[in-house]
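Heads up: the structure comes next, in structure tokens.
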Amino acid sequence: MPDIKTVADKADFIVNGYAFTREGDCIHVLNLNRPDKAVVFSLDGEVLETTMDNIELSIASRYLHQNLKYMED
């Protein structure tokens with residue numbers, strides 16, 4: 001299980017308890033309230049890996065697309 005404080009500190013942005021962190025060509029998203037729920041997106045928003053259900057995945061995807069401009073290049 002990841003260290004929540006470390007993930008939150010490293011995140012590019014956090015929206016409603018979801019930490020978004022760009023690592024290379026991927027964007028990692030962790031639900032800070034349920035750290036067993038995570039997703040890895042490609043930079044174009046394709047799901048590469050996930051432990052989220054479809055509803056939570058659509059929420060995380062929407063947050064990503066709404067806030068992608070805040071990701072550092």
Side-chain angles (χ1 to χ4, degrees):
M1 190 94 63
D3 177 50
I4 302 303
K5 182 171 178 0
T6 302
V7 171
D9 288 345
K10 187 178 172 186
D12 291 284
F13 64 90
I14 298 173
V15 178
N16 288 334
Y18 292 90
F20 293 78
T21 307
R22 181 173 177 179
E23 294 183 10
D25 292 338
C26 299
I27 299 169
H28 296 255
V29 183
L30 180 70
N31 181 337
L32 298 172
N33 297 310
R34 298 266 325 266
D36 59 323
K37 302 296 182 185
V39 61
V40 179
F41 291 104
S42 67
L43 292 179
D44 63 356
E46 179 183 345
V47 175
L48 302 176
E49 295 180 53
T50 189
T51 58
M52 293 180 177
D53 62 33
N54 289 337
I55 294 171
E56 187 171 26
L57 189 57
S58 70
I59 292 168
S61 178
R62 185 175 71 240
Y63 289 155
L64 174 63
H65 287 87
Q66 290 173 344
N67 295 284
L68 198 53
K69 61 188 171 215
Y70 299 114
M71 291 295 233
E72 295 178 356
D73 290 341

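Counting from 1, the numbers follow the sequence of the chain as shown.
- Residues Met52 and Arg34 are not in side-chain contact: their nearest non-hydrogen atoms beyond the backbone lie 4.5 Å or more apart.
- The two residues Leu30 and Pro35 come nearest to each other via the heavy atoms CD1-O, 3.3 Å.
- The number of heavy atoms from other shown groups lying within 6.0 Å of CG (Asp9) is above 12.
- For the atom pair OG of Ser61 and CG of Asn54, the computed distance is 11.5 Å after rounding to the nearest 0.5 Å.
- By the 6.0 Å contact criterion, CD on Glu49 is open, its count of non-hydrogen atoms from other residues, nucleotides or ligands being 12 or less.
- The closest side-chain heavy-atom distance from Val29 to Leu64 is not below 4.5 Å.
- In this structure the side chain of Asp53 never reaches within 4.5 angstrom of the side chain of Lys37, judged on heavy atoms.
- Shortest non-hydrogen contact noted between Thr21 and Ala11 is OG1-CA, 3.3 Å.
- By the criterion of side-chain heavy atoms lying less than 4.5 angstrom apart, applied directly or through intervening Ile, Leu, Val, Met, Phe, Trp or Tyr residues, Leu68 is not grouped with Val40; the two fall into different hydrophobic clusters.
- By the side-chain hydrogen bond (donor to acceptor under 3.5 Å, both in side chains) test, Asp44 pairs with Ser42, sequence neighbours left out.
- Under the 4.5 Å side-chain heavy-atom criterion for grouping Ile, Leu, Val, Met, Phe, Trp and Tyr, Phe41 is connected to Leu43 within one hydrophobic cluster.
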Salt bridge (charged side-chain N to carboxylate O under 4.0 Å, His left out) between Asp3 and Lys5, worked out: CA-CA 6 Å; Asp3 177 50; Lys5 182 171 178 0; over 6 Å; no
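- Remark: Asn16 engages Tyr63 in a side-chain hydrogen bond (donor to acceptor under 3.5 Å, both in side chains) (not counting sequence neighbours).
- Looking at Thr51, its side chain never comes within 3.5 Å of a backbone N or O of Val39 through a donor-acceptor pair.
- In this structure, Arg22 and Asp12 approach most closely via the heavy-atom pair N-OD2, 2.7 Å.
- Residues Cys26 and Leu48 come closest through the heavy atom pair SG-CD1, 3.8 Å.
- Residue Thr50 comes nearest to Ala38 through the heavy atom pair OG1-O, 3.1 Å, listed as atom of the first residue, atom of the second, then distance.
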